[in-house]
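The block underneath contains the structure these notes are about, expressed in structure tokens.
Here is the naming used below: chain letters follow the sequence lines, and residue numbers restart at 1 for every chain. Computed from heavy atoms alone, side chains included, the values below leave out hydrogens, waters and symmetry copies.
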Amino acid sequence: MTGIAALRTAPLSARIGLAVVALYLFCLLFAPLVAPYGETEIVGGPWAGGFWDPAAEGPATLLGTDHLGRDVLSRLIYGARNSITLALLTTALSFVTGTTLGLVAAVRGGVVDQVLGRLVDLVMAFPTLIFALLVLAVAGSTLPVLIGVIALLDATRVFRIARAAAMDVAAQDFVEVARLRGEGTGWIMRREILPNIVVPLAAEFGLRFCFVFLFIATLSFIGLGIQPPTADWGSMVRENAAAISFGILMPLFPAGAIALLTIGINLVIDWAAAGNHGVSDER
Amino acid sequence: MNAETASLAVAASHPLAEPDSAPLLVMRGLVIETSGPGRPQRIVDGIDLELHAGEVLGLIGESGAGKSTIGLAALGYVRPGCRFAGGSVLFDGQDLLTLPPERCRALRGTRIAYVAQSATASFNPAHRLIDQVVETATRQAGMGRRQAEQDARELFARLALPDPDHIGERFPHELSGGQLQRVMIAMAMICRPDLIVFDEPTTALDVTTQVEILASIRNVVEAFGTAAIYITHDLAVVTQLAHRITVLRHGRIVEEAPTRAMLAAPRESYTRSLWAVRRIRKAPEPDHAAPLLELDGISASYGSVPVLRDVSLTVRTGGTVALVGESGSGKSTLARVVAGLLPPTAGQVLLQGRRLPKALQDRSRDQLRRVQLIHQSPDAALNPRQSIREAIGRPLQLHHGLRGAAREARLRELMALVELKPELLDRLPNALSGGQKQRVCIARALAAGPELLICDEVTSALDQVVQAGILAMLQRLQKELGLSCLFITHDIATVRAIADEVVVMRQGAVVESGARDKVLETPSDDYTRLLLSCVPDVDPDWLTKLLQQRADAREIDDAG
Amino acid sequence: MHGVLAMITQRIALGIATLFVISLLVFLAVDMLPGDPAEAILGQSATPASVAALRQELGLNKPLVVRYADWTAGLLRGDFGRSLANDRPIAELIAPRLGATLSLAALAATIALPLGVLLGILSSVHRDRALDRVASTASLLAISFPEFFTAYMLVACFSVGLGWLPAISLSSQGGIVETLTMLALPALTLSLAVIGYVLRMTRAAIMGVMASPYVEMARLKGVGPWGVVVRHALPNALSPIINVVIINLAYLVVGVVVIEVVFVYPGLGQLLVDSVAKRDIPVVQACCMLFAGTYIGLNLLADILALLANPRLRRPRQREARA
């Protein structure tokens with residue numbers, strides 16, 4: 001089924017999901033053009049303005065200002081760029097690592113598989129968030145550390161999935177035929193197995209992205225992720241959390257932005273992987 | 001086509017067999033379609049059937065003929081992903097398709113029962129067998145638990161299960177496939193239904209077990225006067241049980257007739273093709289050619305479990321050795337040893353008098369080239385992401401360094417050799433039929449330029465007509481190219497069709513070997529005799545005669 | 001029965017080994033800092049005197065093996081050392097917070113786990129009907145939302161909008177009613193996510209079994225929809241369901257960090273986050289070991305229970321009935 005034909009038959013939920021993802025991508029690519037104000041530009045008083053308060057003084061802001069008087073909408077749009085790019089980068093890193101090691105483990109088997117498997121078991125025996133907190137406590141919360149530790153944690157999940165998928169393919173007779181022909185490990189990995197696991201892995205990429213994205217947001221929310229003044233949704237929730245006690249709903253905007261994206265991606269994946277498996281329900 | 005007019009038309013041409021008694025089951029213009037996304041496909045396309053009380057109807061057809069779907073429709077059931085799209089299924093005058101679900105459910109298990117193909121998969125692993133056997137009787141038919149269990153034990157005994165008083169206490173995984181199949185027949189019988197649907201109940205079993213199950217089925221069906229629909233792809237099997245046979249193809253009825261009449265004078269050529277393989281017979285080669293492959297005292301094991309014990313055999317240049325045995329006999333393991341996939345623990349493999357290294361990684365590329373393995377399932381043996389050109393072209397490049405135009409020319413030659421059109425070269429495997437895929441696998445093996453082909457059940461996943469075509473082609477190729485062949489099979493008809501010599505294996509050892517006709521006609525080993533006696537003939541009296549012979553032999557034993 | 005016993009023993013041994021390696025990792029984390037750990041921890045404010053004091057405090061002058069032995073021996077006795085930030089014994093810091101975290105987890109578990117399993121079973125029986133669709137969508141939402149979003153939505157509703165419940169759960173004093181009121185929102189937030197997960201996984205586990213031939217056989221025997229799910233599918237889906245229940249129990253203990261931050265709840269997670277921010281390494285190590293120990297222990301329990309729920313393993317094939 002080609003992409004366009006598939007789109008035409010897509011259910012409503014999938015169309016909504018695609019629209020959401022497209023909107024976010026647009027913000028990501030064209031943030032400076034779309035955003036009414038700068039990322040760190042102070043445009044008014046703290047927690048002022050917004051569409052619900054058209055009589056407010058100062059410049060017009062659709063979603064009001066944050067605790068420092070910066071435009072919330074602009075920061076949301078820049079936040080898309082920062083939060084999503086970082087998550088994409090991390091997911092990509094974790095995927096390359098996880099898939100490569102998973103393929104190697106599946107094709108080589110034996111000791112290599114055992115060692116890799118035990119290592120992954122070990123990392124997975126540690127609760128993810130706690131592991132990340134330990135590393136951040138020791139190494140400090142810098143961007144490379146953040147990307148590295150999350151990619152490492154996530155790569156263990158990718159490893160398991162890639163290995164399982166590759167094992168299924170490696171058990172097929174055509175791989176045996178290739179071995180009988182005298183093909184090397186490299187050929188078998190690249191030409192016989194990889195093309196057959198690309199589709200399930202692509203769906204998995206979406207799920208892993210959601211996980212990584214939420215994970216970074218969570219870390220930012222507890223103050224250990226992306227550091228100010230960079231606009232980031234998780235940090236925005238944290239910085240403005242106090243507002244909720246005053247009945248100001250501002251923290252819900254960045255939190256909602258996060259929720260909407262994960263739902264959008266889940267809707268797309270549910271559709272793409274229909275019949276295969278739904279959301280990766282893991283803890 | 002309008003289902004209603006179709007049913008009228010067919011009904012007119014098939015008058016009731018016994019107009020005086022009302023039939024038990026009547027299907028009229030039954031249509032079943034897929035209900036998933038995309039255009040619905042017809043799996044069952046306007047079927048008309050009638051079955052009277054106590055009658056056994058054989059439904060025969062090849063894969064995709066819709067026979068299981070029709071069998072399930074007799075219980076008013078469709079598998080998920082399908083739906084009833086027309087017609088009616090009248091059981092005892094009630095249309096199961098329009099009956100409220102609860103009323104239809106109430107008939108299942110009590111008046112219409114089902115026996116599935118794989119007993120191993122069809123028993124719930126979490127419950128004891130007796131609980132599963134009596135479930136319908138106690139929960140739906142209102143029988144008391146004690147009485148139901150008593151009845152189950154009697155059925156177990158009647159079905160010749162060992163230790164009938166206690167076998168029900170076991171869990172499914174504690175019994176063999178043949179035993180489970182008999183327990184399932186007891187489960188179907190527990191409410192003494194009017195109709196049982198048998199869906200390929202012996203297909204997953206070895207021939208020696210199959211005979212016992214067939215005898216059990218015939219015993220209970222006759223004893224209780226139960227009507228039955230017996231579904232199978234094996235004409236010889238259905239012949240033993242059915243009063244009438246209906247031949248199906250692509251969801252439609254090809255031909256329907258009483259069993260003996262159909263065997264004596266099939267009207268349709270498709271019906272005749274159902275025993276196509278049985279009509280091929282190879283003229284044996286003279287056995288003075290030099291040996292190509294010699295196996296000398298091969299033993300092998302998986303982990304610590306020994307699977308081959310001291311196996312020796314010889315394949316002569318240009319000759320075909322058929323390796324025969326039931327599941328677990330070690331015949332496929334032997335193929336893996338020859339190919340180098342499983343290094344033997346003892347013994348050696350000689351190719352043209354020279355030793356082949358035991359493990360794959362120690363064999364040179366040239367040694368790999370000379371021995372080619374063809375797998376049972378062409379679906380699994382072809383990479384779904386590689387075009388046919390890539391699949392056949394790779395060995396040409398790897399073993400012969402062929403590229404560009406030279407490679408293309410050779411590709412076309414190979415396609416012609418396996419009787420495929422060169423246009424198929426650019427297709428992916430899923431665009432091909434099963435038979436075409438197997439031909440591609442053969443072409444890929446030939447591309448290496450082998451001396452020995454190891455064929456591991458290469459036809460058993462295919463329909464009869466397709467099998468016959470491939471076997472004939474293999475014979476031609478062997479003659480033209482001077483190939484030798486080690487052919488692994490469990491099917492005696494295939495052995496007759498292609499082998500010069502036969503090696504019979506049991507439990508990892510050779511029990512008998514020799515020239516084909518000698519082994520098949522005058523077997524010297526007891527097991528070989530048993531194995532051959534269990535292979536059903538397309539003869540309605542075969543089972544009766546066999547059981548009679550066995551009874552006689554037992555009497556003589558007892559007397560002596 | 002010996003086979004299962006051996007397998008359980010093996011799992012337990014593996015769990016202990018894992019815990020040992022984890023403790024090594026947690027302990028060595030301090031030494032993995034580039035340069036001198038004491039200097040790295042103190043950062044800008046390091047003076048030769050303070051570095052020397054910290055080295056003494058961390059015991060960095062002793063050999064690694066001795067330090068590790070001291071540390072683990074302390075852990076086993078319940079002596080976690082002293083906090084760098086306020087020099088109080090860590091055990092004293094942790095004890096009340098552990099209680100707070102566990103009571104929150106216990107409340108959420110009591111609500112969410114039975115409800116999740118029950119709704120999962122209901123969803124399976126009503127497959128593809130209204131109830132199932134609603135449950136499926138709602139659970140997808142519940143697990144897609146970041147926890148803090150759910151939390152603030154609930155706060156916006158129940159605290160800001162309706163004014164029924166407090167937005168923060170700071171005080172740990174008061175009677176049972178006050179305690180429950182205080183725990184209500186954090187427990188509800190946790191429950192929503194857990195119900196979502198457990199529901200989906202229970203349904204998926206049952207659905208996986210529903211496709212098997214023996215379930216089709218049950219239908220063909222005339223068993224009704226409830227009987228099919230409860231008698232035929234559920235017993236075979238027990239292992240994954242037990243697994244998901246316990247994994248979520250582990251999540252309730254370990255994953256409360258965010259919720260505690262949102263509601264300023266004085267639990268172990270809050271302590272961990274504060275200590276990470278202050279780089280109070282001994283406290284971080286102690287918290288990590290507690291969390292990791294709970295997590296590994298519960299996972300081990302899940303493994304063992306799943307093993308016991310499998311009839312094939314409980315009663316291995318000894319011999320085939322003789323024909």
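- Both the backbone and the side chain of Ile130(A) come within contact range of chain C, with heavy atoms under 4.5 Å apart.
- Between the CZ atom of Phe126(A) and the CD1 atom of Ile296(C) there is a distance of 7.5 Å, given to the nearest 0.5 Å.
- With rounding to the nearest 0.5 angstrom, the CG atom of Leu140(C) is 6.0 Å from the CG atom of Leu267(A).
- Between Phe221(A) and Tyr152(C), the ring-plane angle classifies as perpendicular under the 30° and 60° cut-offs.
- Minimum interatomic distance between Phe148(C) and Ala217(A) (heavy atoms only, all atoms of both residues): CE2-O, 4.0 Å.
- Your options are Asn299(C), Val21(C), Thr150(C), and the one with the most heavy-atom pairs under 4.5 Å with chain A is Val21(C).
- Atom-to-atom distance recorded for Arg118(A):CZ and Leu14(C):CG is 6.5 Å, nearest 0.5 angstrom.
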Show me the side-chain donor-acceptor pairs of residues 249-265 of chain A shorter than 3.5 Å, one per line, residues at least two apart or across chains.
residue	atom	partner	partner atom	Å
Thr262(A)	OG1	Ile258(A)	O	3.3
Thr262(A)	OG1	Ala259(A)	O	2.8
Thr262(A)	OG1	Ser144(C)	O	2.8

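- The two residues Ile22(C) and Leu122(A) make their nearest non-hydrogen contact at CD1-O, 3.9 Å.
- Rounding to the nearest 0.5 angstrom, the gap separating the CG atom in Leu214(A) from the CZ atom in Phe145(C) is 11.0 Å.
- Comparing Leu134(A), Val123(A), Asp121(A) by heavy-atom pairs within less than 4.5 Å of chain C, the highest count is held by Leu134(A).
- Within a 6.0 Å sphere centred on CE of Met153(C), heavy atoms belonging to other residues, nucleotides or ligands number 12 at most.
- Taking all atoms of both residues into account, the shortest heavy-atom contact from Pro127(A) to Ala292(C) is CD-CA, 4.1 Å.
- Val284(C) places none of its side-chain heavy atoms less than 4.5 Å from the side chain of Leu133(A).
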